[in-house]
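Structure, as structure tokens:
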Amino acid sequence: MTVSLSPPPSAVAALEAELVELLGARNVSSELRTRERASVDGARMSPIISELLPLGLADLVALPTTAEQIGLAVAAAVRHGVPVTPRGKGTGNYGQGIPMAGGLVLDTSRARAVVEVGDGWVTAEAGTPMVTIERAAAATGQQLWMYPSTAQSSLGGFLAGGSGGTGTIAHGSNDMGFVLALDVVHATGSPELVHLEGEQAQPFVHNYGTAGVIARATVRLEPLQEWRGVFASFPDFRGALSVLRELGRLEPLPRLVSADTPEVTATLPADPAFPAGRASLRVIADERTVGAATALIEGAGGRVEDVREGPQVVLGLSMLSYNHPIEWLQKSAPGVWFHVEVSGDALVERIDEVHAVYEGGLLHIEAGHTVPIGMLAGVYRSPEQVRAGIAALNAIGVGVHDPHQWNVDFELHRTVETARRTDPHGLLNPGKLNPDYDGPTKGAIR
């Protein structure tokens with residue numbers, strides 16, 4: 001599918017008038033600053049995409065306050081022939097949240113009700129922050145299966161654009177049973193929320209809203225555990241790598257195990273648990289395993305700098321996982337660093353070769369669901385350099401996901417076929433569903 005031309009001003013004006021009637025004047029804006037803020041996402045983390053910016057500007061922004069209003073807004077846009085780009089918090093992904101065809105940005109962040117918490121599940125509206133859902137679950141003695149490293153991200157945004165995070169060690173990515181049901185709006189001109197359960201809901205996970213807009217979701221909970229933040233350091237990165245996989249297999253399983261080289265650690269927010277010149281290893285560990293974790297760390301020549309408890313400690317460690325250390329690295333030297341997402345035992349067993357693929361190579365690593373996963377940073381030179389490095393990494397047994405593109409790269413053909421039915425006019429997030437995309441896929445990272 002190709003990006004359609006921006007809608008005619010007359011269609012945008014007519015849609016704006018209707019949305020004001022439907023949602024109220026305070027929830028609709030055509031003001032330039034509002035449109036600019038709603039037209040960016042995490043794309044600036046990619047120097048390849050940054051060179052192409054700006055990629056699109058919304059003509060109109062709508063902020064529905066309920067799941068039902070999301071349905072009304074999508075239906076109105078479809079009737080006027082105006083493209084719709086759904087938006088959560090815009091905290092992740094690189095280009096997938098940019099309205100490349102202009103039109104309407106549907107900001108779901110005001111539709112944030114936690115509808116109901118049940119035994120093993122919670123239902124919430126698309127704009128609900130994941131941290132809000134986690135707190136609601138905790139009040140009932142439960143916790144989310146997983147939430148993204150940016151815990152303030154919205155539920156709809158995480159399901160449509162995210163993959164995993166805190167909890168992935170136990171439960172994998174968010175397409176692996178996390179979603180029990182979705183209420184989705186199709187781009188047919190009807191405001192109906194289509195309720196889908198189980199396997200029927202899965203085609204709408206991680207497709208950037210190209211086949212339907214998530215308005216409400218039911219996701220899995222599990223019994224609440226007592227977590228501790230274990231902060232450790234090692235003289236070098238190799239020491240941290242030597243215990244990462246074993247820490248990730250402790251029973252009960254940890255919620256997160258992250259490690260960084262001394263160079264990356266030096267760019268993280270200052271903390272006594274990050275001593276200068278040492279590699280950092282951080283664990284969200286079940287309290288029952290702190291002793292075993294300490295023994296593993298000290299047995300490998302490391303030392304435990306601190307053990308902390310409380311929800312804010314867990315949240316803080318989540319915010320230092322996945323691509324967040326790369327963000328801190330980039331902030332330390334603007335315009336220098338890029339990264340690719342990587343996976344495989346080779347990240348531990350062949351670390352020198354991994355680091356050598358890109359100039360200045362530095363790996364941030366996580367204990368994944370099956371094998372280690374991480375973010376490999378390097379000094380950026382050109383798109384060709386990035387692509388050549390992906391091939392070199394594949395050759396040494398490293399799986400790679402390319403974050404420097406905005407196409408749907410998970411179950412692509414399933415999404416294309418679904419969208420033929422649910423978005424017959426190609427109005428949902430145009431430009432993100434290219435059926436000919438043949439690059440690295442999300443499935444390479446587990």
Side-chain angles (χ1 to χ4, degrees), residues 2-20 22-65 69-70 73-74 76-78 80-112 126-127 129 148 150 152-154 156-158 160-162 208-210 213-214 323 327 330-331 334-335 338 403-407 427-432:
T2 58
V3 179
S4 59
L5 297 175
S6 296
S10 58
V12 174
L15 175 59
E16 181 175 13
E18 182 172 349
L19 289 175
V20 168
L22 292 170
L23 311 181
R26 68 177 296 272
N27 295 318
V28 183
S29 180
S30 55
E31 194 267 331
L32 178 60
R33 288 186 181 179
T34 302
R35 293 189 288 126
E36 288 175 337
R37 285 196 298 268
S39 300
V40 297
D41 61 5
R44 292 199 179 276
M45 276 197 73
S46 165
I48 293 176
I49 298 178
S50 291
E51 293 170 356
L52 305 175
L53 296 176
L55 285 167
L57 176 65
D59 296 295
L60 194 61
V61 180
L63 298 102
T65 59
Q69 284 191 353
I70 292 174
V74 173
V78 171
H80 290 281
V82 175
V84 179
T85 301
R87 178 180 175 83
K89 290 292 186 65
T91 55
N93 298 116
Y94 312 139
Q96 290 90 345
I98 295 176
M100 293 182 179
L104 175 69
V105 165
L106 188 68
D107 184 330
T108 63
S109 62
R110 292 182 183 174
R112 52 192 300 152
T150 305
Q152 295 86 357
S153 296
S154 69
F158 176 51
Y208 315 138
T210 56
V213 178
I214 296 171
N323 63 353
E327 287 188 274
Q330 289 182 325
K331 289 175 184 177
F338 78 101
H404 305 286
Q405 61 86 33
W406 50 75
N407 292 295
L427 292 173
L428 292 181
N429 206 356
K432 316 302 167 48

For this session: Walk me through it: do Asn323 and Met45 pass the test side-chain contact (heavy atoms from CB on, under 4.5 Å)?
Result: CA-CA 9 Å; Asn323 63 353; Met45 276 197 73; 3.9 Å; yes
For this session: For side-chain contact (heavy atoms from CB on, under 4.5 Å), just list the numbers for Trp406 and Ile49, CA-CA rounded to whole Å, side-chain angles, deciding distance to a tenth of an Å, and then say yes or no.
Result: CA-CA 9 Å; Trp406 50 75; Ile49 298 178; 4.1 Å; yes
Exercise. Going through the distances and angles, do Ile98 and Leu57 end up as a side-chain contact (heavy atoms from CB on, under 4.5 Å)?
Worked result: CA-CA 8 Å; Ile98 295 176; Leu57 176 65; over 6 Å; no
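Side-chain contact annotation: Glu31 with Thr34, donor-acceptor N/O pair under 3.5 Å present.
In this structure, Ala77 and Val84 approach most closely via the heavy-atom pair CB-CG2, 3.4 Å. Among all heavy-atom pairs drawn from Gly95 and Ala43, the shortest one is N-CB, 3.8 Å. In terms of heavy atoms, Val78 sits closest to Leu427 at CA-CD1, 3.9 Å. Here the shortest heavy-atom pairing between Leu19 and Ala76 reads CD2-CB, 4.2 Å. Taking both residues in full, the closest heavy atoms of Pro7 and Ala101 are given as CD-O, 3.6 Å, listed atom of the first, atom of the second, then distance. Minimum heavy-atom separation, Val213 to Pro86: CG1-CB, 4.1 Å.
Rounding to the nearest 0.5 Å places CZ of Phe338 at 6.0 Å from NE2 of His404. For the atom pair Thr85 OG1 and Asp107 CG, the distance stands at 12.0 Å (nearest 0.5 Å). Rounded to the nearest 0.5 angstrom, Ser46 OG and Arg44 CZ are separated by 11.0 Å. Expressed to the nearest 0.5 Å, how far OG of Ser10 lies from CG of Leu15 amounts to 11.5 Å. Here Arg87 contributes atom CZ and Leu63 contributes atom CG; the two are 10.0 Å apart, rounded to the nearest 0.5 Å. Rounding to the nearest 0.5 Å gives a distance of 7.5 Å between OG of Ser29 and CG of Leu60.
Residues passing the side-chain hydrogen bond (donor to acceptor under 3.5 Å, both in side chains) test with Ser30, sequence neighbours excluded: Glu16. By the side-chain contact (heavy atoms from CB on, under 4.5 Å) test, Thr65 pairs with Asn27, Gln69, Arg110, sequence neighbours left out. Residues that satisfy the side-chain contact (heavy atoms from CB on, under 4.5 Å) test with Ala111, not counting sequence neighbours, are Ile70, Glu125.
In terms of modelled atom types and a separation under 3.5 Å, the side chain of Asn429 and the main chain of Gln96 share a donor-acceptor contact. A distance-only check finds no donor-acceptor pair linking the side chain of Gln330 to the backbone of Gly335 [under 3.5 Å]. Listed for the Lys432 side chain is no donor-acceptor partner under 3.5 Å among the backbone atoms of Met100. A donor-acceptor contact shorter than 3.5 Å links the side chain of Asp41 to the backbone of Gly97. At distances below 3.5 Å, not a single donor-acceptor pair connects side-chain atoms of Thr150 with backbone N or O atoms of Ser153. Between the side chain of Lys89 and the backbone N or O of Gln152, at least one donor-acceptor pair lies under 3.5 Å.
Here the side chains of Ile214 and Phe158 are not in contact, with every heavy-atom distance at 4.5 Å or above.
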